[in-house]
Amino acid sequence: MLEVVVKLVLVAGAFAVLPLLVGQAEHKVMAHMQGRLGPMYAGAFHGWAQLVADGVKFAQKEDVVPRDADRWVFKLAPGVALVPYLLVLLVIPVGPGGQVALDLGPGVFFALAVMGVGVIGAIMAGWASANKYSLLGGMRVAAQLMSYELPMVFAASSVAMAAGTLSLQGIVGEWRWYWLPWQAIGAVVFFVAGLAELRRPPFDMPVADSEIIFGPYTEYGGLRFAFFLLAEYAGIVVLCGLTAVLFLGGWKGPFLNTELGWLWTLLKAAVLAFCVIWFRVSYPRMREDQLQKLAWAWLVPLSLAQLALTGVLKVAL
């Protein structure tokens, strides 16, 4: 019982800290890449207090619920968007020897299914806001979910087939260095599809302020709005952690895998999180038709090709 409590406390602490670190890193990386001065001055030394300033700003704003909104659904939506990512963290192993809160047999599909539930929070927010722009944003979220869930599942199925197990710990245990070129297509498809599900640039059409104000979050303010932003950063942590575990060997590094396994996992996830921020700075927003074409004309065929390649090599070897 003590071991379970300690693991839950550690997961809750990681869930509270890691998304905030990603948010702070995004402020700093974008400030350097785009020459933004604001985030470099809050708190004097390298803008260390920017995240604190954002938190105070959200806490001071008024919590407003539209008169015609479905109040219960409107209030529940931020929690539905945030909590599923906490559940996914329970099954992501950070090191060998049981360094995971919950080792599920079908851990891969549990993680992907629960991540899909997090997207439903944005759909609930759009529907409950009694705002046509929010409703359009929620419909776009639903369209992205349906388009990109399929290649994401196919890519994850490929690496699960290669390992012969659906357990995330089992996949890392079976991982070998030559999987990097073998599963490279699946890794790219998984990561890109994950970014699209999180509505991260260049896939942020549902919150395109130039088209539909701020999508399903238009009517939200204060801490409820902050919860949606926190859910986005928590989603980045979960996506990078899953990509590191499935395709990059998780805790396996150049040396001391047993002693420093948790460090290798965190380093790989941190590099991927940097890439997420880098993509936001570097690429313009796609059009809705380009979004759907990328999913159905490119990612789905590529993920199926990766799945077929894995099947052939498993039979041949």
Side-chain angles (χ1 to χ4, degrees), residues 80-81 84-93 100 102-123 140-172 174-175 179-180 182-200 203 206 231-232 234-250 269 272 276 291-315:
V80 174
Y85 296 117
L86 172 61
L87 299 180
V88 178
L89 282 182
L90 292 174
V91 299
I92 297 180
V100 59
L102 182 62
D103 184 16
L104 287 181
V108 172
F109 288 143
F110 173 83
L112 295 179
V114 175
M115 284 182 68
V117 173
V119 180
I120 295 177
I123 301 174
R140 287 188 174 187
V141 170
Q144 281 190 213
L145 172 65
M146 290 187 292
S147 299
Y148 284 88
E149 188 76 13
L150 192 60
M152 198 173 184
V153 171
F154 283 159
S157 300
S158 172
V159 74
M161 182 190 299
T165 177
L166 293 175
S167 168
L168 291 173
Q169 274 200 312
I171 289 174
V172 180
E174 295 293 327
W175 187 90
W179 284 25
L180 289 174
W182 177 19
Q183 299 292 331
I185 296 176
V188 172
V189 170
F190 185 87
F191 194 63
V192 172
L195 289 180
E197 280 205 7
L198 294 176
R199 282 97 59 206
R200 287 288 302 181
F203 307 104
E232 178 179 325
I236 293 174
V237 172
V238 167
L239 173 64
C240 295
L242 282 176
T243 305
V245 167
L246 291 174
F247 299 97
L248 301 180
L272 291 171
V276 172
L291 171 85
Q292 298 296 334
K293 184 177 181 180
L294 176 65
W296 296 105
W298 290 98
L299 296 189
V300 170
L302 285 174
S303 61
L304 287 173
Q306 176 69 77
L307 201 59
L309 175 64
T310 301
V312 170
L313 290 180
K314 285 289 290 184
V315 171

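Listed by chain and number, the residues in a salt bridge (Lys or Arg N to Asp or Glu O under 4.0 Å) with Glu232 are Arg200 (sequence neighbours excluded). Tyr85 meets the ring-ring contact (aromatic ring centres under 6.0 Å, His included) test with no other residue; sequence neighbours excluded. Partners of Ser303 under the side chain to side chain donor-acceptor pair (under 3.5 Å) rule, at least two apart in sequence or in another chain, do not exist in this structure.
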Exercise. So Arg140 and Leu291, side-chain contact (heavy atoms from CB on, under 4.5 Å) or not? Walk me through it.
Worked result: CA-CA 11 Å; Arg140 287 188 174 187; Leu291 171 85; over 6 Å; no

For this session: Show your working on side-chain contact (heavy atoms from CB on, under 4.5 Å) between Tyr148 and Leu195 and close with a plain yes or no.
Result: CA-CA 9 Å; Tyr148 284 88; Leu195 289 180; over 6 Å; no

For this session: In sequence, state the C-alpha distance, the side-chain angles, and the governing distance for Phe110 and Leu166, and then conclude on side-chain contact (heavy atoms from CB on, under 4.5 Å).
Result: CA-CA 9 Å; Phe110 173 83; Leu166 293 175; over 6 Å; no

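In this structure a side-chain-to-backbone donor-acceptor pair under 3.5 Å is missing from Gln144 to Leu198.
Pairing each heavy atom of Gly107 with each of Val91, the nearest pair is O-CG2, 4.4 Å. Smallest separation of non-hydrogen atoms from Val108 and Ala156: CG1-CB, 3.8 Å. The minimum heavy-atom distance between Gln183 and Ala162, with the atom names listed, is NE2-CB, 3.8 Å. The two residues Met152 and Leu112 have their closest heavy-atom pair at CE-CD2, 4.1 Å. Taking both residues in full, the closest heavy atoms of Ala295 and Pro301 are given as O-CD, 4.5 Å, listed atom of the first, atom of the second, then distance. Nearest heavy atom pair, residue Cys240 against residue Val276, reads SG-CG2, 4.2 Å.
With a 4.5 Å cut-off on side-chain heavy atoms, Val159 and Trp175 do not count as touching. Between Val189 and Gln306, the closest side-chain pair of non-hydrogen atoms is not below 4.5 Å. Counting only heavy atoms from C-beta outward, the side chains of Leu272 and Phe191 approach each other to under 4.5 Å. Between Phe154 and Leu299, the closest side-chain pair of non-hydrogen atoms is not below 4.5 Å. Side-chain contact between Leu168 and Leu246 is present, with at least one heavy-atom pair separated by less than 4.5 Å. Counting only heavy atoms from C-beta outward, the side chains of Pro151 and Leu302 never approach each other to under 4.5 Å. Side chains of Val172 and Gln169 form no contact here, defined as non-hydrogen atoms less than 4.5 Å apart. When side chains are defined from C-beta on, Val141 does not count as touching Leu145, because their heavy atoms never get closer than 4.5 Å.
No option in Asp103, Val100, Leu104 other than Asp103 meets the side-chain contact (heavy atoms from CB on, under 4.5 Å) test with Ser167.
Here CD of Glu197 is found 9.0 Å from CG of Leu239. Values are rounded to the nearest 0.5 Å. Rounding to the nearest 0.5 Å places CZ of Phe247 at 7.0 Å from OG of Ser158.
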